[in-house]
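These notes are about the structure you will find just below.
Proteins get letters first, then strands, A, B, ... in listed order; numbering begins at 1 in each.
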Number of protein chains: 2
Amino acid sequence: MTYQTTLTALADPTRRQIFEAVAAEPSSVGLLAVQLPVSRPAVSQHLKALSDAGLVNVTKQGTRNIYAACPDGLADLRRYLEQLWGDVLTSFANDIAKESQSD
Amino acid sequence: MTYQTTLTALADPTRRQIFEAVAAEPSSVGLLAVQLPVSRPAVSQHLKALSDAGLVNVTKQGTRNIYAACPDGLADLRRYLEQLWGDVLTSFANDIAKESQSD
DNA sequence: TAGTTTGGTAAGTCATTCCTTACGGTAAGT
DNA sequence: ACTTACCGTAAGGAATGACTTACCAAACTA
């Protein structure tokens, strides 16, 4: 459940679509499947990937499994991205400085 | 050059490694290749993907092509992630509220 | 208890992707 | 002009991944 897992989980379009859907409102597997262009097992497999990435959690409700968004996975990715953002900005600033120096 | 492209670009481990390397310091293609477990053409292809995602830019220096990190691609991804982060937090808070309501 | 609803898993297929070697092309050095 | 250094692209192969259908398990319902 590191940011690598989260990154690959969110890279897939339909998986990201599923995540955005449960972030808007928690939902069951079948309900998600009928709203998407893929089959129910596909949704189930995507939800497993999202769960492994710490992006969703499940609560059983009778025979239904309700999936909801959870912040854990995103928190790690956010930290990594902010760190990267800082590094890129300083690197970019250095490049500008060196460039104007050689003018 | 939307956040989708950036997301898939950063999802690959060696490609992310290349991006972090040029973010630490701009470098040529061959210099990156000798530091990585992949061939020089592989690095070149990865750099093309990073360039398409707006994550790097090139400056020719004789026969050498110097790649440097650029903030454009990351900016879009950051915006998307912050938006998503907000949605997830509010959704998560709502779930907690509903849960304590049913106790 | 029998039937229905809901989901996860297995097995297999098809597309994508990451990597390789081979080749061509441009710029600098002698 | 010839060689050397450096790089991008083409073509192909191997691995990964996303999706399907088929099947099985668990929990409500009548």
> In terms of side-chain heavy atoms, does B:Thr59 have a donor or acceptor partner in B:Asn57 at a distance below 3.5 Å?
Replying inline: no
Drop me the distance from [X]'s [atom1] to [Y]'s [atom2], to the nearest 0.5 angstrom.
{"X": "A:Arg79", "Y": "A:Gln83", "atom1": "CZ", "atom2": "CD", "result": "11.5 Å"}
{"X": "A:Glu25", "Y": "B:Asp95", "atom1": "CD", "atom2": "CG", "result": "9.5 Å"}
{"X": "A:Leu81", "Y": "B:Leu10", "atom1": "CG", "atom2": "CG", "result": "7.5 Å"}
{"X": "B:Lys48", "Y": "B:Tyr67", "atom1": "NZ", "atom2": "OH", "result": "9.0 Å"}
{"X": "B:Phe19", "Y": "B:Thr6", "atom1": "CZ", "atom2": "OG1", "result": "9.0 Å"}

Would you say [X] places a side-chain N or O within less than 4.0 Å of OP1 or OP2 belonging to [N]?
{"X": "A:Thr63", "N": "D:dA26", "result": "no"}
{"X": "B:Ser28", "N": "D:dC7", "result": "yes"}
{"X": "B:Tyr67", "N": "D:dC6", "result": "no"}

Nearest to the side chain of [X] - [options]?
{"X": "B:Gln45", "options": "C:dG7, D:dA10, C:dA11", "result": "D:dA10"}
{"X": "B:Pro41", "options": "D:dC19, D:dC7, C:dA22", "result": "C:dA22"}
{"X": "A:Val38", "options": "D:dC19, D:dG8, C:dT6", "result": "D:dC19"}
{"X": "B:Ser44", "options": "C:dT5, C:dG8, D:dT9", "result": "D:dT9"}
{"X": "A:Thr14", "options": "C:dT6, D:dC19, D:dC6", "result": "D:dC19"}

Once you round it to whole Å, what is the distance between [atom2] of [N] and [atom1] of [X]?
{"X": "A:Gln61", "N": "D:dA27", "atom1": "CD", "atom2": "C1'", "value": "13 Å"}
{"X": "B:Leu50", "N": "C:dC18", "atom1": "CG", "atom2": "C1'", "value": "14 Å"}
{"X": "B:Lys48", "N": "D:dA10", "atom1": "NZ", "atom2": "P", "value": "10 Å"}
{"X": "B:Asn65", "N": "D:dT9", "atom1": "CG", "atom2": "C1'", "value": "14 Å"}
{"X": "A:His46", "N": "C:dT9", "atom1": "NE2", "atom2": "P", "value": "15 Å"}
{"X": "B:Ile18", "N": "C:dC18", "atom1": "CD1", "atom2": "C1'", "value": "11 Å"}
{"X": "B:Arg64", "N": "C:dG29", "atom1": "CZ", "atom2": "C1'", "value": "13 Å"}
{"X": "B:Ile66", "N": "D:dC7", "atom1": "CD1", "atom2": "C1'", "value": "12 Å"}

> With a 4.0 Å cut-off on heavy atoms, is A:Arg15 in touch with a base, just the backbone sugar-phosphate, or nothing at all?
Replying inline: sugar-phosphate
> If you find the nucleotide of DNA chain D closest to A:Asp12 and the one closest to A:Arg40, which residue's nucleotide is nearer the 5' end?
Replying inline: A:Asp12
>> Using a 4.5 Å cut-off between side-chain heavy atoms of Ile, Leu, Val, Met, Phe, Trp and Tyr, which other residues end up in the same hydrophobic cluster as B:Ile66?
In response: none
> Through what angle, rounded to 10 degrees, does the axis of the helix from C:dT1-D:dA30 to C:dT30-D:dA1 turn between its ends, using five pairs per end?
Replying inline: 20°
> So, do B:Leu7 and A:Arg16 sit near enough that their side-chain heavy atoms are less than 4.5 Å apart?
Replying inline: yes
